[in-house]
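Working notes, structure below.
The chains referred to below are lettered A, B, ... by the order of the sequence lines, with proteins before strands, and numbering in each begins at 1.
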Number of protein chains: 2
Amino acid sequence: MSGTDVATAFAALGDETRWNILVRLGREPASASALAADLPITRQAVGKHLEVLRAVGLVESRRQGREVVHRAVGGRLSALGRDLQRVGETWERRLASLKELAERDDRP
Amino acid sequence: MSGTDVATAFAALGDETRWNILVRLGREPASASALAADLPITRQAVGKHLEVLRAVGLVESRRQGREVVHRAVGGRLSALGRDLQRVGETWERRLASLKELAERDDRP
DNA sequence: TTTGAGCGCAACCCCAGGGTTGCACTTTGA
DNA sequence: TCAAAGTGCAACCCTGGGGTTGCGCTCAAA
């Protein structure tokens, strides 16, 4: 998990509109126009968000007739979650070690 | 996990500089000036990032003499990770159900 | 008690990016 | 075959926020 990738992935998740779109696609796949119909923004704006989400692998798109259906990739989100959890636990352990070292230094 | 909270939390993680600061604090606690010394930005800029991170509970700060020491809150990150993982798995399950329904409809 | 390190505003600059309008293209269905 | 739905650019607007400089405060150490 490189730092850059993590940052861009979370930047993708860090926009409220984008999060709403993702949640909506988590319930069921939909086209850009369908999404725009439920949201207070243009289809073009939705398109840009979908582009961002697809770039980080959180959404997959598939042409179906004259419309393009987008779906949320749950696996990608789960993987991100697992990575985050691991990093957080590492920090907790490290902090505990530092604390222990400090206490040991206090009473040599 | 409300949508707004999630978005703001990930927005906090979505900036590369902020992520670098977090990782640095995950190795060991440090003051804003110490952080600024390692980074290509001003202490004031670091301060703003720390403010954002503290607002979402990813960093805790404690005055020690004349300096303020900041540390990464691993538990908060782990919790976020677990939430993400859960949401992702929900999506996967839902998508599987939809697929099964579609196939059942195909052969009535 | 003076000096400098560390911190906290506040004002300012600047650009990435979220949003829009406008247009041209394909595909379905009547 | 024609109208309307769905999509894909491209140009443009404008705000948010990441970054800076500048100043005044506090507190530890000499």
(message) At a heavy-atom distance below 4.0 Å, what parts of residues 48-56 of chain B sit against DNA chain D?
(response)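 Only Lys48(B), His49(B) qualify.
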(message) Please give me every residue in residues 22-42 of chain A whose heavy atoms get under 4.0 Å of an atom in DNA chain D, ordered by residue number.
(response)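 DNA chain D contact set from residues 22-42 of chain A: Ser31(A), Ala32(A), Ser33(A).
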(request) Indicate if Leu58(B) and Leu95(A) have the same hydrophobic cluster label, given that clusters are the connected sets of ILVMFWY residues with side-chain heavy-atom separations under 4.5 angstrom. (result) no
(message) Would you say Val59(B) ends up clustered with Val69(B) if hydrophobic residues are merged whenever their side chains have heavy atoms under 4.5 Å apart, either directly or through other cluster members?
(response)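 Unlinked, Val69(B) and Val59(B) end up in two clusters.
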Quick test: give all pairs of protein nitrogen or oxygen and nucleotides 25-30 of chain C nitrogen or oxygen below 3.5 Å, distance rounded to 0.1 Å.
from, atom 1, to, atom 2, distance (Å)
dT27(C), O2, Arg66(A), NH1, 3.3
dT28(C), O2, Arg66(A), NH1, 3.3

(message) So, using side-chain contact (heavy atoms from CB on, under 4.5 Å) as the criterion, who are the partners of Thr90(A) when residues are at least two apart?
(response)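 For Thr90(A), the residues satisfying side-chain contact (heavy atoms from CB on, under 4.5 Å) (neighbours in sequence not counted) are Arg93(A), Arg94(A).
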(message) For Ala11(A), give me all partners under side-chain contact (heavy atoms from CB on, under 4.5 Å), at least two apart in sequence or on another chain.
(response) none
(message) Let me check the geometry of the helix from dT1(C)-dA30(D) to dA30(C)-dT1(D). What is the bend angle between the axes at its two ends, five pairs each, to 10°?
(response)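 Its terminal axes enclose an angle near 30°.
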(message) Measuring to OP1 and OP2 of dG19(C), would you say a side-chain N or O of Thr17(A) lies under 4.0 angstrom away?
(response)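 For Thr17(A), the contact criterion (side-chain N or O under 4.0 Å from OP1 or OP2 of dG19(C)) is met.
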Between [atom2] of [N] and [atom1] of [X], the distance in whole Å:
X: His70(A); N: dG6(D); atom1: NE2; atom2: C1'; value: 10 Å
X: Gln44(A); N: dC23(C); atom1: CD; atom2: C1'; value: 10 Å
X: Leu13(B); N: dG17(D); atom1: CG; atom2: P; value: 15 Å
X: Arg43(B); N: dG24(D); atom1: CZ; atom2: P; value: 15 Å
X: Asp15(B); N: dG17(C); atom1: CG; atom2: P; value: 11 Å

(request) Choose from dC7(C), dT21(C), dT7(D) the nucleotide whose nearest atom is closest to any side-chain atom of Glu67(B). (result) dC7(C)
Do the side chains of [Y] and [X] get nearer than 4.5 Å, heavy atoms only?
X: Asn20(B); Y: Glu16(B); result: yes
X: Leu22(A); Y: Leu13(A); result: yes
X: Thr17(B); Y: Val46(B); result: no
X: His49(A); Y: Asp15(A); result: yes

Which pairs of donor and acceptor atoms, one on a side chain in residues 70-82 of chain B, lie under 3.5 Å apart (sequence neighbours left out)?
from, atom 1, to, atom 2, distance (Å)
His70(B), ND1, Ser61(B), OG, 2.7
Arg71(B), NH1, Glu60(B), OE1, 2.6
Arg76(B), NE, Val56(B), O, 2.7
Arg76(B), NH2, Val56(B), O, 3.4
Ser78(B), OG, Glu89(A), N, 3.4
Ser78(B), OG, Gly74(B), O, 3.1

(request) Return each pair, listed once, that meets salt bridge (Lys or Arg N to Asp or Glu O under 4.0 Å) where at least one residue sits in residues 45-55 of chain B; pairs must be two or more places apart or across chains. (result)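 Passing the test, one end in residues 45-55 of chain B: Glu51(B)-Arg54(B).
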(message) Holding to salt bridge (Lys or Arg N to Asp or Glu O under 4.0 Å), I want the full list of residues that pass it with Arg66(B), two or more places apart in sequence or in another chain.
(response)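 None.
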(request) Fit a plane to each ring of Phe10(B) and Trp19(A), take the angle between them on a 0 to 90° scale, and name the class: parallel (under 30°), tilted (30 to 60°) or perpendicular (over 60°). (result)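 Answer is tilted, since the angle falls between 30° and 60°.
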Could you go through residues 23-33 of chain B and list every donor-acceptor pair under 3.5 Å that involves a side-chain atom there, pairing it with any protein atom two or more places apart or in another chain?
from, atom 1, to, atom 2, distance (Å)
Arg24(B), NE, Asp38(B), OD2, 2.8
Arg24(B), NH2, Asp38(B), OD2, 2.7
Ser31(B), OG, Ala34(B), N, 3.1

